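Down below is the structure, laid out as structure tokens.
As the structure is a prediction and not an experimental result, all values here were calculated from the model.
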Amino acid sequence: MKRKLLASLVTLMMVLCMFPAAVFAETSHDINDGDVTFGAGDCTGGCEGHVVTGTVDSIWNQHQIAISGGTHKIILDNTTIREPGVGKSAIAISGNANVTIELRGSNAVTGASNHPAIWVEEGSSLTIEGTGSLVADAGDSLPGMGAAGIGSGYGTNTTFGNITINGGDITANGSGGGAGIGGGYEVGGGTATGNITINGGWVKAYGGESVLGVTGGAGLGSGENANYSGTITINGGIVFAAGGANAMSIGGGGRDIGESGNGTFTTGTDGNAVIIAPKGIGDFSQYESWDGIFVNWDQQFSEGNVDAATMANGVVTLNDANANFQVWGEPKVDYPLTVASGSTLRIVNNTRNNAGATLDMVAGGTLTNNGTIMLDGREGNSSYLILREGRSQTAGNGTLTNGTYCAVKLPLTEDLVTLNGAEDLSYTGEAYEPYVNVELEDLWGYTQGFSAGADYDYTVAYKNNVNAGTATVDVTSTGTGLLLGTDTVSLEFNIAAADFSIEVPKELEIAEGEDALLSKLPEPVSFEVDDSVQDDLAGVMDGTLTWYLDETRDTPVTDDSLKDIAAGESVELYWTYTHEDTNFVTSKTGSTTVKVTAAENVNPGDGDNDQNGTDTEQGEETDAPKTGDETPMALWISLFAVSLAGILLLVGLRRKHHRN
């Protein structure tokens, strides 16, 4: 029995362990079937989401979505709630609930009279994401009342919970004195808090107006009469905010008597939003650190419409010829940005502290310019367009105009580098250093050069640039100038082998029957090169001269190649001179005419050789000395010696006679 009970318990536990996968999976709800409600005890282990579909838009069918605590994900999938019921919001978030709404398809929600479409009660939080759209309309208001499209209703405490928007196409309309997103009409002029953060998406927020159109709520911020003390952060997406009547686009709502606080405005770190604020931003306390593209953000501007910037399929387009699109700070744009024809994007010094501006196109970002981009700065406050991934991030047929103290920064790539004077080079023994030019050419009609040097944009180093062959020039960005990073572009250029001339005798004579021809063939008598070549030619002169019988140089000459050529005939021999000095052309060719002559006169005799080494035959004269004019010199010398001896003898006899 105990074993059966234990087995049953184990089975039950195994079944229960499988419940979370089923219970906490994505669930579906049709708003037509009734209210969709969740509390703190629902999905305590987390859930994939509650999908809400359907439409309620008549007084006979009134339902709402209500979350009274806990953490939940609501997926609006083509959902419409126009009639939530008297005194209700289409979506009500309370009890410190933490709710994420994902948008799929087209969705629309409306609050009852003086109620927001989505009420985010103080202490709770709302995050909106997804790729769908949402229209959130506050309910109609009575005089002295009004609610936000997303945020709080009217009352003596219009503080709202934290609202974050990460994506989607969202339109929020306040009513009466309510903000588009933020607080409702404040009764009695109290303080309202609540933070709004927009990280992405296309957000349009319209504050409501009082009955007489005198005042109203902010586009983003608090409602009428409230002293706003929250923080509004816009660091992504497109945001259009318009206050009702005299209210700010971003900040505090309007007020008949006195002023309301505008809270704190920031773009966060590395913001890249496009912000359209035709009625101004109330708080400038952090303007030196703002990053973004602002459209008529200052109160001095009154133009700027909701369609000045649009978003479709993730592409942000600036398309208003009358709007002032101006880069502020250093926004890091990681999405496709297009300047439409007729529109102008200004990357110039701001009007608050004269600081320069930088549009930084980072990885994932592209800049298509079909209009005009103005680039201008001032001394000590330069402005820049940065293309982190190079020219490949750009497109379009627009114009880039530049003033002073401004530049384009981008990585060093091969398309920026050219070599001048690297053509038709040949070896001279000296180093070649063709001129390196680094230049950005014709970026929307704009051309910009870069400077060489360790303290500038790039350095240049040559390799293998003396001897014949392939030489290299390395161009390396310093990373401290207008060229980003420390990339190296290597370009090759060719140094051709130098030419030389060789002189080999053009003619040669050999005797008929020559059988030692190779030893009789001539050697080179001279080598010459151009005066510009500084080389001793030792390697060239240490070459080999090879002889051939045919012009195609297929048959080599041998010792007895011409032994059968008769006297009086001529033969053309062809030569090739080769060497191993690679700085000069490898070979030269030519030819020599060989004339065959008769052999020397040789008399073969039958007799013995005489004392003079010649053969004599009977009847022939010998080479004996002849008399007269033909007397040999030896005979004269002998006669002279005999005479001299006689004279000396006589002299000796006379001296002897005198002594006696």
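Residues Asn319 and Thr310 have side chains in contact (heavy-atom distance under 4.5 Å, counting atoms from C-beta outward). Side-chain contact between Lys332 and Asn272 is absent, with no heavy atoms from C-beta onward closer than 4.5 Å. Side-chain contact between Pro434 and Val473 is absent, with no heavy-atom pair separated by less than 4.5 Å. Contact of the Asp270 side chain with the Val362 side chain is not registered, since no non-hydrogen atoms from C-beta on lie closer than 4.5 Å. With contacts defined as side-chain heavy-atom distances shorter than 4.5 Å, the pair Pro522/Val504 qualifies.
Remark: of the listed residues Thr266, Ile275, Val274, Ile275 is the sole one forming a side-chain contact (heavy atoms from CB on, under 4.5 Å) with Ile234. When each of Thr472, Val475, Val436, Val417 is paired with Leu491, the side-chain contact (heavy atoms from CB on, under 4.5 Å) condition holds for Val417 and for no other. For the pairing with Thr164, the side-chain contact (heavy atoms from CB on, under 4.5 Å) check across Asn199, Thr233, Ile196 returns one residue only, Asn199.
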**Q.** Stepwise side chain to side chain contact (heavy atoms under 4.5 Å, CB included) check, Cys406 with Ile347
**A.** CA-CA 9 Å; Cys406 58; Ile347 310 173; over 6 Å; no

(Q) side chain to side chain contact (heavy atoms under 4.5 Å, CB included), that's the test. Do Leu416 and Val489 meet it? Break it down for me. (A) CA-CA 9 Å; Leu416 301 179; Val489 170; over 6 Å; no

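Using a 4.0 Å cut-off between a side-chain N of Lys or Arg and a carboxylate O of Asp or Glu, Asp474 and Lys463 qualify as a salt bridge. Note on Lys409 versus Asp457: no salt bridge recorded, every NZ/NE/NH1/NH2 to OD/OE distance being 4.0 Å or above.
For the residue pair Asp320/Asn305, the side-chain donor-acceptor check at 3.5 Å is satisfied. No side-chain N or O of Gln393 forms a donor-acceptor pair with one of Thr366 less than 3.5 Å apart. Side-chain contact, Thr546 with Thr544: no donor N or O sits under 3.5 Å from an acceptor N or O. Side-chain atoms of Asn350 and Asn353 include a donor-acceptor pair closer than 3.5 Å. Side-chain contact of Asp283 with Ser285: a donor-acceptor pair under 3.5 Å is present, judged by distance alone. Defined by atom type and a distance below 3.5 Å, a donor-acceptor pair is missing between the side-chain atoms of Tyr405 and Asn349.
Within the 3.5 Å criterion, the main-chain N or O of Asp487 finds a donor-acceptor partner in the side chain of Ser477. In this structure, Arg553 contributes its side chain and Trp575 its backbone to a donor-acceptor pair below 3.5 Å. Under the 3.5 Å distance criterion, the side-chain polar atoms of Thr459 are left unmatched by any main-chain donor or acceptor of Ala454. Put simply, the side chain of Asp334 never gets that close to the backbone of Gly365: no donor and acceptor are under 3.5 Å apart. At distances below 3.5 Å, at least one donor-acceptor pair connects side-chain atoms of Thr597 with backbone N or O atoms of Ile510.
Between the CG atom of Asp77 and the CG atom of Asn107 there is a distance of 7.0 Å, given to the nearest 0.5 Å. Taking CD1 of Ile181 as the start and CD1 of Ile163 as the end, the distance is 6.5 Å to the nearest 0.5 Å.
Counted within 6.0 Å of NZ on Lys595, heavy atoms from surrounding residues, nucleotides or ligands total 12 or fewer; the atom is thus considered open.
Ring planes of Phe265 and Trp290: perpendicular class, angle over 60° (limits at 30 and 60°).
Between His579 and Phe500, the distance from one ring center to the other falls under 6.0 angstrom. Taking the centre of each ring, Phe527 and Tyr577 come in below the 6.0 Å mark.
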